[in-house]
Amino acid sequence: MRIGYPCLNTSVGCSPARTFRLASYSDVRLVETVERNLACTDAILHYNVAHGLLAFRLTSDLVPFASHPVCAYAWQERFRPAFQALGAFARQHRMRVSMHPGQYTLINSPREEVFAASVRDLVYHAEVLDLMGLDATARVQIHVGGVYGDRRRSLDRFVARYRDLPAAVRRRLAIENDDRQYGLADCVRLHEDTGTPVIFDTLHHEANNAGESVGDALALAVRTWDTVAGPPMVDYASQAVGERVGKHAAHIDLADFRRFLVASRPHDPDLMLEIKDKEQSALLALQAAGEDPRLVRAVSD
DNA sequence: TCTGGTCAAGGTGGT
DNA sequence: ACCACCTTGACCAGA
């Protein structure tokens with residue numbers, strides 16, 4: 001078990017997700033921004049190792065507009081050494097690295113142009129992890145997508161589209177249950193048709209489930225992972241008290257987290273804490289996990 | 001230097 | 001047909 005958090009860190013004093021407006025795109029602006037983003041990512045990875053946080057989701061904004069037609073710059077070549085160094089550091093410290101394209105990346109859209117843009121975006125995400133020299137345990141997670149008025153056909157379209165994805169993307173894809181349309185059971189069914197592993201999101205499952213307990217749901221998701229894809233991944237979040245169902249809590253609810261740790265036995269997933277205050281809650285979670293024998297320990301230099 | 005309106009992108013659901 | 005919302009940090013024009 002590793003514990004980590006997504007994308008941003010509130011302590012290091014920099015953002016790895018600096019961007020700019022499409023209207024102000026230039027190659028110079030791109031290079032400046034990526035340089036700063038990668039330097040900040042380096043600072044965050046060092047922070048994580050120093051604090052025993054060994055799971056981290058890289059922000060999709062590392063290379064702004066990387067998959068947009070406006071970007072013709074060979075950022076892969078320009079930043080290859082920097083990506084390689086980041087990846088070497090992550091490997092050295094046994095970090096679990098992942099990425100998560102946003103809500104506009106939809107491989108099951110019936111619209112060809114949406115699918116094409118989604119493929120470009122997925123290729124970008126896979127390229128980042130490839131440049132870092134990470135194996136197939138570094139995953140790119142997406143949701144199943146839209147319903148388009150016909151769940152059955154949209155699930156079938158997901159499978160057909162999956163088969164059209166470049167191998168470099170298929171190798172890293174993972175699907176996550178969402179809070180409205182496609183729950184864990186749908187994801188597991190898609191796993192059977194595609195082989196892509198399923199990331200279990202605890203908060204989405206609370207909002208959208210087929211009656212499975214957390215333990216049962218986790219057992220189903222765990223079976224979709226193998227030694228190539230790596231240990232199962234779980235997105236853990238707690239419900240914001242008194243808010244709309246599905247809204248993330250601003251701080252970790254330690255009592256709820258401890259219940260999850262118990263319910264998750266005997267499985268041994270890597271946990272991504274999707275909580276507003278980022279590494280602060282992840283550190284509390286690590287502390288709460290205490291002497292749990294499942295924890296992966298940091299390797300010193 | 002501060003701030004609030006705005007930002008690449010798609011889909012859903014209410015009107 | 002149209003529009004607010006999702007979810008969010010960061011940009012940036014204007015004060």
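Numbered from 1 within each chain, the chains take letters A, B, ... in sequence-line order. Since this is a predicted model, take the numbers as computed values, not measurements.
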If the cut-off is 4.0 Å, is [X] near the phosphate of [N], judged by side-chain N/O to OP1 or OP2?
X: A:R120; N: B:dA8; result: no
X: A:Y148; N: B:dG11; result: yes
X: A:S24; N: C:dC11; result: no

Just to be sure I understand the rule, does A:V147 reach a base, reach only the sugar-phosphate, or reach nothing, if contact means heavy atoms closer than 4.0 Å?
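Sugar-phosphate: the residue A:V147, judged by heavy atoms under 4.0 Å, touches backbone atoms but no base.
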Report which part of the nucleic acid A:S118 touches: base, sugar-phosphate, or nothing (heavy-atom distance under 4.0 Å, all strands).
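Counting heavy atoms under 4.0 Å across all strands, no contact is made by A:S118.
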Among [options], the nucleotide that comes nearest once only the side chain of [X] is considered:
X: A:Q181; options: B:dT12, C:dT7, B:dG5; result: B:dT12
X: A:V114; options: B:dA8, C:dG9, B:dG11; result: B:dG11
X: A:S15; options: B:dA8, C:dA10, C:dT7; result: C:dA10
X: A:K276; options: C:dT8, B:dG10, B:dT12; result: C:dT8

If you assign each of A:L22 and A:G149 to its closest nucleotide in DNA chain B, which residue comes earlier from the 5' end?
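Closer to the 5' end of DNA chain B: A:L22.
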Is it true that [X] and [Y] have a side-chain N and a carboxylate O under 4.0 angstrom from each other?
X: A:D178; Y: A:R180; result: no
X: A:E192; Y: A:R189; result: no
X: A:R78; Y: A:D27; result: no

Taking the six-membered ring of A:Y148 (Phe, Tyr or Trp), confirm whether the NZ or CZ of A:R157 is under 6.0 Å from its centre and within 45° of its axis.
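Satisfied, under 6.0 Å and within 45°.
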Face-to-face stacking of A:Y104 with B:dG10, centres under 5.5 angstrom, angle under 30°:
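Aromatic stack with B:dG10 absent for A:Y104.
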Tell me: [atom1] of [X] to [atom2] of [N], nearest whole Å?
X: A:R111; N: B:dA8; atom1: CZ; atom2: P; value: 18 Å
X: A:D121; N: B:dA9; atom1: CG; atom2: C1'; value: 9 Å
X: A:F20; N: C:dC12; atom1: CZ; atom2: C1'; value: 14 Å
X: A:H143; N: C:dT7; atom1: NE2; atom2: P; value: 10 Å

With both distances under 3.5 angstrom, what nucleotide forms a Watson-Crick or G-U wobble pair with [N]?
N: C:dG14; value: B:dC2
N: C:dT8; value: none
N: B:dA8; value: none
N: C:dC2; value: B:dG14

Nearest nucleotide by nearest heavy atom, which residue falls closer to the 5' end of DNA chain C, A:R29 or A:L8?
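Checking each residue's closest nucleotide, the 5'-ward one belongs to A:L8.
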